[in-house]
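To start, the structure under review is shown below, and the notes come after it.
For ligands, and for the atoms within them, numbers begin at 1 and follow the listed sequence.
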Amino acid sequence: MAHAQSRSFGAIEAPRVVIVGGGFAGLYAARALRDSPVQITLIDRSTVHLFKPLLYQCATGLLSEGQISSPLRALFRSQRNVTTLLGTVSVVDPANASVDLTADDGTVTSVDYDYLVVAAGVDQGYFGHPEYAEIAPGMRTLDDALTIRSRVIRAFETAETLSSREARAPWLTFALVGAGPTGVELAGQIRQLADHALRGSYRRMDPDEARVLLFDGGAQPLGSFGQKLSKRAAKTLQHLGVEFRPGTHVTHVDDTGVTVTDKATGAVENIAAGTVLWNAGITAPPIAHVIAEATQAEQEHDGRLRVERDLTVKGFPNVYVVGDLMSLRKLPGVAEVAMQSGRYAGRQIAASVAGRPTDKPFLYRDLGSAAYIGRGHALVEFGPVRLSGRLGWILWGVIHIAFLTGYRNRGAALLTWLTTLAAGRRRELVTAYGGHSRG
Ligand SMILES: Cc1cc2nc3c(=O)[nH]c(=O)nc-3n(C[C@H](O)[C@H](O)[C@H](O)COP(=O)(O)OP(=O)(O)OC[C@H]3O[C@@H](n4cnc5c(N)ncnc54)[C@H](O)[C@@H]3O)c2cc1C
């Protein structure tokens, strides 16, 4: 068992900060400690920081995986007080102030801390049906996005081999579960793939035979955006050709498609679909249950951990839970909450190390939300300002370029968007599907 080396700054031993997770919350926590005399160990089960808001563009061949992710090692190259380790934290022991990380080869290493920041995010939930994951991938990791991309391409390619419209229909039916921002964005993009990017590429079938079905238990898509913008989103989806099916629950998924139940009438319908994509519900990763057991922290029904006003776990003033994994005052699971909470935890630790007061509670400043529906259509909400259509679309682009991590990614994504707009083609679709079987 190895222990993290203690480095000394002058004559004083540097306090050890362990950060679990290099998403938005972990990244901002580490950055907030840039000038603090601490020794940070940032552990992630992936080598990259992922810009999740653009995952759907990677899944539909618009952007490459490199354009929406940055190696954590590169992001912290110049921040000398950060050591990055690849591994999964499987044990948290607050009594002994240490975590165990399991490396890729199975080796377990113990890392001691003075302060712990848990920024492990959330995983895709399946409402008690984890077995659906195999057939209906969610979209939370780069692997998910690449799986979706390959399944979408496979569906069009398989359809091209079939001679009748009836035989092609299941392959050209895309069933999407959940009409939150991710479901809406993905539905819009698949529709635009079929209607624009793939047009003229096939000889035996027309990609616009495709049907994109979007199921949700609510009455409108993008329910969290408020009545006006939700209605606007429903209209835009209709205009794009996405078939939005409100008030429906997907009650079964198998490799022939989905079974949906109408909430109002109870009517049940089986729909043959070659591609089923799941974007409804979340669940906390295993580490949340480990922490809850070790600290008696309360959890929400989805496993997220309840935190105090200063984002610490009750009774453990040196253990912070930030980002999507924390539950506080019904704050939404969005990037801005993750960034602000991560930054806050980092600043609290810096203040504690410097002997400054740490009694200010976390206050979230809502900077609004945005969702992309399709080319020329996006919704942006900022205070009293509500924008949709082309203006919303332009602002959406500006916001996403501004927040995309790394200057190189910003430049590359902007260039790709501009060339795609001009040529109407998606370069990343050349990442061809090469598999044979379903799954
Ligand atoms: C498809 C999609 C689209 C989105 N679009 C938007 C949007 O447009 N606008 C917006 O504001 N928000 C959006 N969000 C939400 C936003 O991405 C999240 O709120 C944000 O990523 C949360 O940041 P986080 O740091 O808490 O978690 P994450 O970004 O999920 O990072 C968690 C990190 O922890 C690591 N990890 C987990 N468990 C362990 C462990 N045991 N050991 C080691 N490492 C671990 C993971 O590998 C990951 O890198 C979107 C989310 C998704 C999935």
| query | Would Asp44 count as a contact of ligand 1 if the rule is a heavy atom under 4.0 Å away? | reply | yes
| request: Select one of side chain, backbone, both or neither to describe which atoms of Ala119 lie under 4.0 Å from any atom of ligand 1, heavy atoms only. | output: backbone
| query | Taking both backbone and side-chain atoms of Gly323, is any N or O found less than 3.5 Å from an N or O belonging to ligand 1? | reply | no
| request: Decide whether the shortest distance between a heavy atom of Tyr56 and an atom of ligand 1 is less than 4.0 Å. | output: no
| message | I need the atoms of ligand 1 closer than 4.0 Å to a non-hydrogen atom of Met139, numbered in the order shown. | response | 1 (C), 53 (C)
| said: Taking a cutoff of less than 4.0 Å between a non-hydrogen atom of the residue and any ligand atom, is Gly87 in contact with ligand 1? | reply: yes
| request: Answer side chain, backbone, both or neither: which part of Thr182 comes under 4.0 Å from ligand 1, heavy atoms only. | output: side chain
| Short N or O distance, Ala25 and ligand 1, threshold 3.5 Å exclusive | yes
| field | Minimum-distance protein heavy atom relative to atom 50 (C) of ligand 1 | value | Lys52 CB, 4.3 Å
| task | For Gly21, take its heavy atoms, then give the atoms of ligand 1 lying under 4.0 Å from any of them. | result | 33 (C), 34 (O), 35 (C)
| field | Gly333, any N or O under 3.5 Å of ligand 1 N or O | value | yes
| request: Mark whether atom 12 (N) of ligand 1 lies under 4.0 angstrom from at least one protein heavy atom. | output: yes
| request: Heavy-atom contacts with Val89 under 4.0 Å: which atoms of ligand 1 show up? List them by number with element. | output: 40 (C), 41 (N), 42 (N), 43 (C)
| request: Using distance alone, determine whether Arg140 and ligand 1 share an N or O pair under 3.5 Å. | output: no
| So, do Met326 and Leu311 sit near enough that their side-chain heavy atoms are less than 4.5 Å apart? | yes
